[in-house]
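Down below is the structure, laid out as structure tokens.
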Number of protein chains: 4
Amino acid sequence: MTKTADDITKRTSIGAQRNPASEEAILTAAAEILSEGGLSAFSIEAVARRAKAGKPTIYRWWPSKAALLLDIYHRQKGETFYPDTGSTRADLVAFLETLLGFWKTSGGEVFRSIIAEAQSDPAALEALRDYAVTRCRASGLILERGVARGEIGEALDIPLVMELFSSFCWQRLLTGRLDPSQDQITHLVDAVLTGFAAKDRAAQ
Amino acid sequence: MTKTADDITKRTSIGAQRNPASEEAILTAAAEILSEGGLSAFSIEAVARRAKAGKPTIYRWWPSKAALLLDIYHRQKGETFYPDTGSTRADLVAFLETLLGFWKTSGGEVFRSIIAEAQSDPAALEALRDYAVTRCRASGLILERGVARGEIGEALDIPLVMELFSSFCWQRLLTGRLDPSQDQITHLVDAVLTGFAAKDRAAQ
Amino acid sequence: MTKTADDITKRTSIGAQRNPASEEAILTAAAEILSEGGLSAFSIEAVARRAKAGKPTIYRWWPSKAALLLDIYHRQKGETFYPDTGSTRADLVAFLETLLGFWKTSGGEVFRSIIAEAQSDPAALEALRDYAVTRCRASGLILERGVARGEIGEALDIPLVMELFSSFCWQRLLTGRLDPSQDQITHLVDAVLTGFAAKDRAAQ
Amino acid sequence: MTKTADDITKRTSIGAQRNPASEEAILTAAAEILSEGGLSAFSIEAVARRAKAGKPTIYRWWPSKAALLLDIYHRQKGETFYPDTGSTRADLVAFLETLLGFWKTSGGEVFRSIIAEAQSDPAALEALRDYAVTRCRASGLILERGVARGEIGEALDIPLVMELFSSFCWQRLLTGRLDPSQDQITHLVDAVLTGFAAKDRAAQ
DNA sequence: CTTTAAGCGAGACGGTACGTCATGTCTTACG
DNA sequence: CGTAAGACATGACGTACCGTCTCGCTTAAAG
């Protein structure tokens with residue numbers, strides 16, 4: 001994303017249809033404001049000012065602050081791939097590292113803003129809930145592959161366990177601790193994967 | 001807490017010292033507003049109005065909205081006990097159920113407001129981080145007892161694992177899904193405790 | 001001015017331009033407050049409340065309380081005419097009576113508020129000074145006609161003398177004594193016009 | 001006025017009576033604030049802060065801001081003398097120059113604050129009115145001497161004419177134009193003293 | 001080939017909340 | 001009882017955003 005919100009010449013209506021240049025400018029401006037000043041600097045006014053857009057234009061297409069935030073997030077995230085190394089352990093470690101890494105570099109500010117916004121906006125809450133559930137199901141792919149390989153028992157509630165892992169990332173994001181060591185991540189994955197109940201008991 | 005913010009007659013200064021009646025009235029009013037209208041209804045103005053207190057009185061003692069929220073939370077939470085049933089599994093299940101239950105009935109609205117607030121207030125973020133770390137360490141008691149009993153290996157990073165469990169609760173709180181079934185909780189505890197890697201592999 | 005600030009139904013924006021209905025409502029409300037409660041009741045908040053206008057709308061168009069007061073005064077005063085009876089003496093008497101009369105019935109409260117405000121607001125002070133100087137020059141017309149008629153010598157510093165007469169009115173306004181008798185006014189005009197130095201000396 | 005409000009060591013109650021040191025400190029502090037920041041900087045809070053006095057101490061002895069201002073003014077003004085040069089004209093010129101000069105150097109800020117305050121405080125208005133009337137009567141001494149000398153006819157309403165002169169000074173004070181030239185003052189005095197009606201008419 | 005209808009920027013509108021300041025009253029602790 | 005100190009309820013200050021509105025325009029599609 002090399003171009004910024006400033007490189008407009010003069011946008012105006014292109015007829016009775018949504019102007020992609022305005023949409024572009026608004027989303028870019030919004031993302032910039034968020035990354036520069038955080039959620040507290042993020043207001044519809046500020047976005048409109050920066051994007052040189054009218055406020056009604058924003059309200060026309062995004063009913064709330066949260067909707068705008070969600071749009072920014074999806075545009076930044078792009079496609080999500082779940083690496084397939086052949087090992088559930090490695091896949092899980094990669095999953096956690098990728099997510100935390102993405103949030104650390106760019107998307108974190110946006111996503112934590114979405115979560116914050118959802119706490120006072122019921123519609124945003126619902127969107128967030130749907131998103132979270134969907135993501136847990138999608139990322140379950142990692143464990144499903146493990147089941148197929150016979151690494152994991154079939155009785156496991158896969159989305160529930162994936163929720164556990166993603167929750168850990170959420171909590172780290174929300175408390176500003178996105179930098180767990182490589183060791184911590186592998187330790188965590190190992191602990192959950194093999195269970196931390198003493199092995200002699202498991203052998204009983 | 002049977003009495004509400006309304007049962008004051010006429011508060012005034014009691015000299016050059018903090019008036020406990022005002023503090024009481026403010027915290028009560030704040031808690032009521034939060035539980036009735038959620039975070040979006042929660043403003044210093046509204047608290048002052050309801051508590052029949054002056055805004056400066058609030059700002060004098062609570063530097064920010066977040067500080068007020070934290071105070072409310074601590075007052076509602078009271079002492080935290082970690083049940084000791086003699087079984088790590090049962091202790092963990094009880095821990096999760098207690099936390100989710102507390103959030104479902106009263107404290108949840110407050111705590112999710114704190115998290116939201118922390119996403120735009122650096123000081124609140126720090127307070128939240130400290131609180132989260134402290135709580136994970138404290139709740140580690142459950143696993144420490146397990147280690148002492150020989151149920152759990154000594155190599156385990158206890159706070160990290162407790163973080164996992166509490167994160168799950170956070171995520172449920174933040175997505176408005178505080179009602180996992182009893183089964184889900186036990187399933188989750190079992191999965192993590194015994195590991196979900198297929199047992200024949202563990203036996204290898 | 002028969003209609004009051006209350007007879008609005010529902011004002012709103014009429015586009016990116018000043019809404020005359022709002023301006024009207026604000027000025028009317030401000031004038032009413034001033035005449036009912038005096039300067040101490042006059043606050044931007046109170047005006048906004050009564051005019052059912054937003055505070056920012058007031059601040060957008062009137063940078064200060066003083067600016068608002070000046071606007072009210074000009075609107076109340078309307079055009080100023082200096083009667084031409086053919087006699088300087090009669091013109092001066094009429095001038096004083098008209099000014100004192102106007103202040104007694106409606107404009108006095110406004111003008112003394114402007115003077116008060118100017119004592120703590122440099123911009124208002126400047127506006128007041130300009131106004132005072134301009135008015136003294138304009139009312140000099142009365143004496144200029146006298147000069148043209150040969151009633152008054154040409155060497156007289158006309159604005160300075162008019163300042164003297166208007167000052168008298170100011171002082172009466174500011175000390176709440178707007179009711180000098182007809183006799184006092186004529187006595188004053190005569191004293192200044194013919195000089196109060198004993199006539200035998202003038203004849204020397 | 002060499003000592004300032006700061007040279008206190010530690011004032012406290014001297015028993016059940018007014019503490020002169022506090023009174024002194026309060027008046028000094030008030031005068032300093034007024035001369036440094038003008039009326040807009042003048043508040044009971046600020047005075048208390050600077051004088052290191054309790055607010056109730058101020059309220060106990062001065063019922064209003066205006067009372068405090070009046071006290072400051074009287075203390076600054078000291079005794080008033082009306083020079084007696086043997087010539088009414090010279091006496092009047094000296095009177096105007098002395099008054100304007102005093103206001104220019106020190107007392108002006110205080111007096112214009114009193115006038116401003118009186119526009120929103122009925123009690124202050126009354127005090128100001130009484131003061132103005134008294135002063136006009138007292139300064140009438142100048143003209144009374146002229147009458148005694150035969151310079152001025154006996155029919156003149158002396159206080160009314162003195163009001164005219166003092167009004168001129170008030171107006172200059174209130175519009176921030178305390179620097180009329182020597183010429184203007186003498187011109188004014190001459191104009192009023194000898195009358196500005198053309199002499200040929202007076203001779204008719 | 002016009003009309004029409006929607007989108008656009010701009011920005012004013014009535015509001016609400018912000019965080020700060022001053023008001024005048026009150027109580028305490030001390031002398 | 002007078003004092004310094006300072007907390008209290010109240011309410012105005014001036015600012016920032018909110019979400020809605022109308023303006024004057026531009027342009028693609030419908031008649």
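Protein chains get the first letters and strands the later ones, always in sequence-line order, with residue 1 at the start of each. FYI, side chains are in, hydrogens and waters are out, and symmetry mates aren't considered; it's all heavy atoms of this structure. It should be emphasised that the depicted structure is a prediction, and the values quoted were computed from it without experimental measurement.
- At the heavy-atom level, C:Ala48 lies nowhere under 4.0 Å from the strands shown.
- Between E:dG9 and A:Ser22, a contact under 4.0 Å exists linking OP1 or OP2 to a side-chain N or O.
- Taking for each of B:Ile14 and C:Arg60 the nucleotide of DNA chain E with the nearest heavy atom, the 5'-most of the two is the partner of C:Arg60.
- Rounded to whole Å, atom P of E:dA22 lies 15 Å from atom CD of D:Glu117.
- Distance, D:Asp121 CG to E:dT23 C1': 14 Å, rounded to whole Å.
- Between the P atom of F:dC1 and the CH2 atom of D:Trp61 lies a distance of 12 Å, rounded to the nearest Å.
- Spacing between atom CZ of D:Arg50 and atom C1' of F:dA4 amounts to 19 Å, rounded to whole angstrom units.
- Under 4.0 angstrom from either OP1 or OP2 of E:dG24 there lies no side-chain N or O belonging to D:Trp62.
- Comparing F:dA7, F:dC23, E:dG9 by their nearest atom to the side chain of C:Gln17 picks out F:dC23.
- For the atom pair CD of C:Glu23 and CZ of C:Arg18, the computed distance is 3.5 Å after rounding to the nearest 0.5 Å.
- Whole-Å rounding puts the A:Arg18 CZ to F:dA29 P distance at 17 Å.
- For the pair D:Thr57 and F:dA4, the criterion of a side-chain N or O lying under 4.0 Å from OP1 or OP2 is met.
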(request) Heavy atoms under 4.0 Å is the rule here; annotate nucleotides 13-19 of chain F 5' to 3' with B where the base is hit, S where only the sugar-phosphate is, and - elsewhere. (result) BBBBSBB
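- Atom CG in B:Leu39 sits about 19 Å away from atom P in E:dT16, given to the nearest Å.
- In this structure the side chain of B:Leu68 reaches within 4.5 angstrom of the side chain of B:Leu27, judged on heavy atoms.
- In this structure, the CG atom of C:Leu68 is 15 Å from the P atom of F:dA12, given to the nearest Å.
- Note: CZ (C:Arg11) to C1' (F:dT22) measures 16 Å, nearest angstrom.
- The line from CZ of A:Arg49 to NZ of A:Lys55 is 9.5 Å long, rounded to the nearest 0.5 Å.
- Side-chain N/O atoms of C:Thr28 and C:Glu32 include no donor and acceptor closer than 3.5 Å.
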(message) For B:Arg11 and B:Glu24: C-alpha separation, side-chain torsions, deciding distance, then whether salt bridge (Lys or Arg N to Asp or Glu O under 4.0 Å) applies.
(response) CA-CA 11 Å; B:Arg11 277 191 326 278; B:Glu24 168 70 27; over 6 Å; no
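- In this structure the side chain of B:Phe42 reaches within 4.5 angstrom of the side chain of B:Leu69, judged on heavy atoms.
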